[in-house]
Amino acid sequence: MSGHAETGRAAARLLLDGGAAPVLPSGDPACWTAFDEEIRDRLRRGPLSGASRAASLPEAALCHPDGRTREAALAHGPRTPAFWQLAVIRCADWAEPVRLRARALLAERLRAEPGDALRTLTPLVLRTGRRAEGAWALGLVTAACEARPDLAAALLDGTRDTATRRLAARVVVAGRRVAVRELARRAASESDPVVCRLWSEAALASMAADGADDAAVDTLLGARAPMVRAAGVTALRRAGRTGEAAGALTDRSALVRACARWAYAQGGGDAHARYLRLCADPASLGPGAVAGLAECGRREDAALLRPLLAHASAAVRARAVAGLRSLECAPPALVLPLLDDPSPAVVREATGALLPHAAALPAGELARRLAPDRPTPVRRAAFRLLRARGGLDQLRAAVALLADEDPGLRGNAESAVQLRRWVHEVPQRNAEVGELLDACAHLFSDYVMASTRRRVGLPG
């Protein structure tokens, strides 16, 4: 079971039916903290007779509002899986006698059965470690992992709890007992970015100390995560393979491209010249080459990027717009027609390039792009630019979309009206403004509408 609904049902079964100990997942610590709170709240709300009967139920007694009942339950309760989960919570209890007894139990459990205790209790220890009195249990479990790196390694493959895997990975990496190829394999197969970075950095540190390993480098280069591929590219220099960095110059990740340019230069290569050659052949051009050329930051390269705005590949067109924008070579006249591009990615990039120039754009052309028959990305881009213009243009566009079928556009329009940033920019005592306010009167209370009308010089 998981979730607050399940913990509520488990608490109700325990209190009302005197049922068996709750079976909640040890890997989901939120269930146990929610169960503890649910039991305590129910006992506080319930009649005294119910509280008295609940004190005889071991799991309920461990969550009882009375500290003496909780302490007695720790001393005499049956050592079930539920008992140990709740004992972990009691290690951070506000009552010192309860806290000390629970801590003694946890310490004994870790000495007697370290493997099972770490596997089942670590997720909850890490969660309660954020509490005012939670540091003690956290320190105990961390020390237990550090004393037994083999058990910490087992946690990596034995739990899906993110915090537990991060702790285990830190301990394993600090122990420096993992071969570089295994570090690279773990980095390449890891999905959590924090753990991924730990493995990658450990692999690089190992190769820095003991020399590069070609198999490990190849594993890093073939990973899906950009930070792992970047580590592989960085390792090419130590492996004496800087020439291979050329293949990563067009990687889809900016991080990998940056590392590739550095590694390529270490071997005497000229990344900018290579990008120029790649972009000169539109037939085989990819978006990574376009992005890489722009990242080199030379404004004279804009002449090579402009023709790519009409490239057959939408990804290339999008990167060309982004590149021209980063080089500050994207004038509105050049970019405005791209709002009608069939690719949403190109439209997004064009909108970003036009936003700084929104006040100078032709409002009529933008307003025509709000028509219902236009593609949704185009309509959203047009409204975003009209909203950036402010004033009457913003108010007109927002009111026109208040009944739009697109919920996203409709919500943005309502927000634009209700924020009233246009109030100080619309002309005073203007009849059109009055008509627009009448059309959006349902969005305001009578008081706010009257105040708004007065601020624009209209009768309240």
Side-chain angles (χ1 to χ4, degrees), residues 2 25-33 88 110 114-130 134-135 137-210 212-213 215-236 238 248 251-259:
S2 61
S26 61
D28 188 356
C31 284
W32 287 102
T33 54
V88 166
L110 281 170
D116 184 66
L118 288 174
R119 180 178 58 81
T120 58
L121 303 181
T122 298
L124 188 53
V125 168
L126 292 173
R127 185 177 182 87
T128 56
R130 309 168 192 170
L138 179 58
L140 183 70
V141 165
T142 302
C145 285
E146 291 171 347
R148 292 287 304 274
D150 56 319
L151 297 181
L155 282 179
L156 285 167
D157 303 316
T159 181
R160 294 192 297 176
D161 181 68
T162 300
T164 301
R165 298 189 73 253
R166 289 177 179 179
L167 170 64
R170 285 195 295 270
V171 171
V172 170
V173 166
R176 299 181 180 180
R177 298 181 181 180
V178 183
V180 66
R181 294 187 181 184
E182 176 64 11
L183 291 170
R185 184 194 69 77
R186 285 191 174 275
S189 60
E190 181 58 56
S191 57
D192 177 44
V194 174
V195 178
C196 200
R197 182 179 295 278
L198 283 170
W199 296 130
S200 300
E201 292 177 350
L204 287 179
S206 177
M207 284 189 273
D210 304 324
D213 181 288
V217 173
D218 291 338
T219 300
L220 295 173
L221 290 172
R224 294 182 60 185
M227 72 176 73
V228 182
R229 294 201 304 279
V233 172
T234 302
L236 286 174
R238 186 166 295 278
D251 193 276
R252 61 185 180 274
S253 164
L255 173 63
V256 177
R257 291 194 298 270
C259 291

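Counting begins at 1 with the first residue of the sequence.
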How close do Pro149 and Val172 get, counting heavy atoms only, and between which atoms? O-CG2, 4.3 Å

Using the side-chain contact (heavy atoms from CB on, under 4.5 Å) rule, take Leu156 and Arg186 through it: C-alpha gap first, then chi angles, then the decisive distance, then the call. CA-CA 10 Å; Leu156 285 167; Arg186 285 191 174 275; 4.0 Å; yes

One should read off an interatomic distance between Arg119 CZ and Leu151 CG, to the nearest 0.5 angstrom, of 11.5 Å

Identify the heavy atoms of Asp213 and Val180 that sit nearest to each other, and give their distance. CB-CG1, 3.9 Å

Roughly how far apart are Leu155 CG and Asp161 CG, rounded to 0.5 Å? 10.0 Å

Does the side chain of Thr162 reach to within under 4.5 Å of the side chain of Val195, using non-hydrogen atoms? no

Measuring from atom CG of Leu121 to atom CH2 of Trp32, what distance do you get when rounded to the nearest 0.5 angstrom? 10.5 Å

State, to 0.1 Å, how close Pro226 and Val256 come at their nearest heavy-atom pair, and which atoms those are. O-CG2, 3.3 Å

Nearest 0.5 Å please: distance from the CG atom of Asp116 over to the CG atom of Leu110. 10.5 Å

Please answer whether the main-chain N or O of Ala216 pairs with a side-chain N or O of Arg181 as donor and acceptor at a distance below 3.5 Å. no

Considering residues at least two apart in sequence or located in another chain, which fulfil the side-chain hydrogen bond (donor to acceptor under 3.5 Å, both in side chains) criterion with Asp210? none

side-chain contact (heavy atoms from CB on, under 4.5 Å) between Thr159 and Thr122: does it pass, once the steps are laid out? CA-CA 10 Å; Thr159 181; Thr122 298; over 6 Å; no

Taking every non-hydrogen atom, the tightest pair across Cys259 and Thr234: SG-OG1, 3.9 Å

What residue pairs, at least two apart or across chains, pass side-chain hydrogen bond (donor to acceptor under 3.5 Å, both in side chains) with a residue in residues 191-203? Arg166-Asp192

Anything under 3.5 Å between a donor and an acceptor, one on a side chain of residues 217-224, the other on a protein residue two or more places apart or in another chain? List them.
residue	atom	partner	partner atom	Å
Asp218	OD1	Arg241	NH1	3.4
Asp218	OD1	Arg241	NH2	2.6
Thr219	OG1	Ala215	O	2.9

Rounded to the nearest 0.5 Å, the CZ atom of Arg238 sits from the CG atom of Leu204 at a distance of 9.5 Å

Ignoring hydrogens, what is the shortest heavy-atom contact between Arg148 and Pro114? Give both atom names and the distance. NH1-CG, 4.1 Å

For Glu190 and Cys196, work out which heavy atoms get closest and say how close. CG-N, 3.6 Å

So, do Leu126 and Pro29 sit near enough that their side-chain heavy atoms are less than 4.5 Å apart? no

Output the distance between atom CG (Leu255) and atom CZ (Arg229), rounded to the nearest 0.5 Å. 9.0 Å

